[in-house]
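First up is the structure itself, then whatever we jot down about it.
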Amino acid sequence: MPEGHTIHRAARLQSAALAGAPVTASSPQGRFADGASLLDGRVLQGIEAVGKHLIYRFEDEVALHVHLGLFGRFDTHRNRVPDPRGSVRLRLAGHAATVDLRGPTTCEIIDLPDEERLMARLGPDPLRADADPERAWQRISRSRRAIGALLMDQSVLAGVGNVYRAEALHVEGLHPEREGRSLSRDEFDRLWTTIRGMLRDGERAGRIITVSAADAGVPRSRIPRGQRTYVYRQRQCRSCGAPVRAWEMAGRRAWACEQCQL
DNA sequence: AAGAATGTTATGTA
DNA sequence: CTACATAACATTCT
């Protein structure tokens with residue numbers, strides 16, 4: 001489910017619904033009982049998104065760290081709150097909504113040093129105002145690893161996942177196997193800008209939009225399969241019609257049009 | 001109903 | 001020290 005845009009959107013929406021007042025925290029299946037009781041009744045001060053990580057700041061310097069991983073998701077209930085179904089790790093009830101967290105890869109209470117360690121191992125997040133692209137450029141321009149692998153490395157750049165990797169490299173005409181150090185400064189700058197734009201569109205729309213921002217208001221189901229992405233999970237390149245090559249890279253499936261991407 | 005999927009980390013190997 | 005492969009973990013959907 002989540003690439004960076006999902007996380008930033010969740011931070012914004014949940015901050016509005018939960019922050020500023022004491023929260024009721026529970027762990028319906030008892031899978032996070034200790035954490036939930038520690039959070040219960042505390043005021044949530046705000047939620048911060050960094051890459052694909054979320055940090056919920058509570059009073060008394062108590063913080064909750066959440067990472068959705070591949071399967072995690074949030075269910076937000078604004079009216080009737082249903083009985084928890086499936087594996088709800090944590091339920092947070094606030095003044096405007098109740099949020100269920102299911103299937104996260106990480107859900108833990110952290111202290112300040114933990115938080116600093118986390119921040120230290122994350123590269124710049126293009127969705128954040130404080131992001132410094134220079135840090136990513138330093139890593140990429142000195143690496144002989146493939147750009148397709150570098151983009152997935154959260155210590156190089158935080159927030160990009162498998163879909164944006166495929167789509168952003170396609171838009172920029174870059175082959176995923178190009179060595180990082182072979183990119184010109186100009187190619188890197190464009191790539192950064194494209195990634196940031198895609199993440200922003202995704203955050204605003206609540207889903208991944210890489211082909212046309214005009215699709216933003218259109219429900220995903222109304223967009224024909226072959227038109228949702230350029231190469232990601234496509235058989236043919238949406239730009240030129242050539243067959244899309246798919247192969248394993250950095251542990252995930254990579255997709256590219258070898259006509260358009262060099 | 002096996003397998004894939006918008007992810008990360010630890011560990012082993014070269 | 002770097003790079004790559006593999007396993008492990010989370011859950012839902014086709």
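Numbered from 1 within each chain, the chains take letters A, B, ... in sequence-line order.
- In this model, the phosphate group of B:dT9 is approached by a side-chain N or O of A:Arg121 to a distance below 4.0 Å at OP1 or OP2.
- Whole-Å rounding puts the A:Phe74 CZ to C:dT12 P distance at 15 Å.
- Between A:Pro104 and A:Ala146, the residue anchored closer to the 5' end of DNA chain C is A:Ala146, taking for each the nucleotide with the nearest heavy atom.
- A:Arg57 has a carboxylate O that lies under 4.0 Å from a charged side-chain N of A:Glu48, or vice versa, which qualifies the two as a salt bridge.
- Dashed line: the shortest gap from a side-chain N or O of A:Arg252 to OP1 or OP2 of B:dA5 is not under 4.0 Å.
- When distances are taken from the side chain of A:Ser143 to each of B:dA5, C:dA3, C:dT11, the shortest belongs to C:dA3.
- Residue contacts shown for A:Arg31 are limited to sugar-phosphate atoms, with no base heavy atom under 4.0 Å away.
- Between A:Gln154 and B:dG7 there is no side-chain N or O to OP1 or OP2 distance below 4.0 Å.
- Along DNA chain B, the nucleotide nearest A:Glu3 and the nucleotide nearest A:His53 are compared for position; the residue whose nucleotide lies closer to the 5' end is A:Glu3.
- With P as the reference atom, B:dA4 and C:dT6 are 15 Å apart, rounded to whole Å.
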Take A:Asp75 and A:Arg73, measure what salt bridge (Lys or Arg N to Asp or Glu O under 4.0 Å) needs, and give me the verdict at the end. CA-CA 7 Å; A:Asp75 292 336; A:Arg73 62 175 295 174; 3.2 Å; yes

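- In this structure, A:Tyr56 has its ring center at least 6.0 angstrom away from the ring center of A:His65.
- For the pair A:Lys52 NZ and B:dA5 P, the computed distance is 15 Å after rounding to whole Å.
- Atom-to-atom, CE of A:Met152 to C1' of B:dA5 comes out at 12 Å; the value is rounded to the nearest Å.
- Within the 4.0 angstrom heavy-atom criterion, only backbone atoms of the sugar-phosphate kind lie near A:Ser87; the bases stay farther away.
- Remark: C1' of B:dT8 and NE2 of A:His65 are 10 Å apart, rounded to the nearest angstrom.
- In terms of phosphate contacts, A:Arg102 brings a side-chain nitrogen or oxygen within less than 4.0 Å of OP1 or OP2 of C:dT12.
- Closest to the side chain of A:Arg145, out of C:dA3, B:dT8, B:dA5, is C:dA3.
- A:Asn162 places its CG atom 14 Å from the P atom of B:dA4, with the value rounded to the nearest Å.
- Spacing between atom CZ of A:Phe71 and atom P of C:dT11 amounts to 9 Å, rounded to whole angstrom units.
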Could you walk me through whether A:Glu172 and A:Arg190 pass salt bridge (Lys or Arg N to Asp or Glu O under 4.0 Å), step by step? CA-CA 7 Å; A:Glu172 290 308 317; A:Arg190 289 167 191 246; 5.1 Å; no

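- Atom-to-atom, CE of A:Met249 to P of B:dA5 comes out at 17 Å; the value is rounded to the nearest Å.
- Contact annotation: A:His67 reaches the phosphate of B:dT8 (side-chain N/O to OP1 or OP2, under 4.0 Å).
- Using modelled atom types, one finds a donor on one side chain and an acceptor on the other under 3.5 Å when comparing A:Ser182 with A:Arg178.
- Here C:dA8 presents its P atom at 17 Å from CG of A:Leu70, a figure rounded to the nearest Å.
- Side-chain atoms of A:Asp125 and A:His8 include a donor-acceptor pair closer than 3.5 Å.
- Look at C:dA10: it lacks any Watson-Crick or wobble partner with both distances under 3.5 angstrom.
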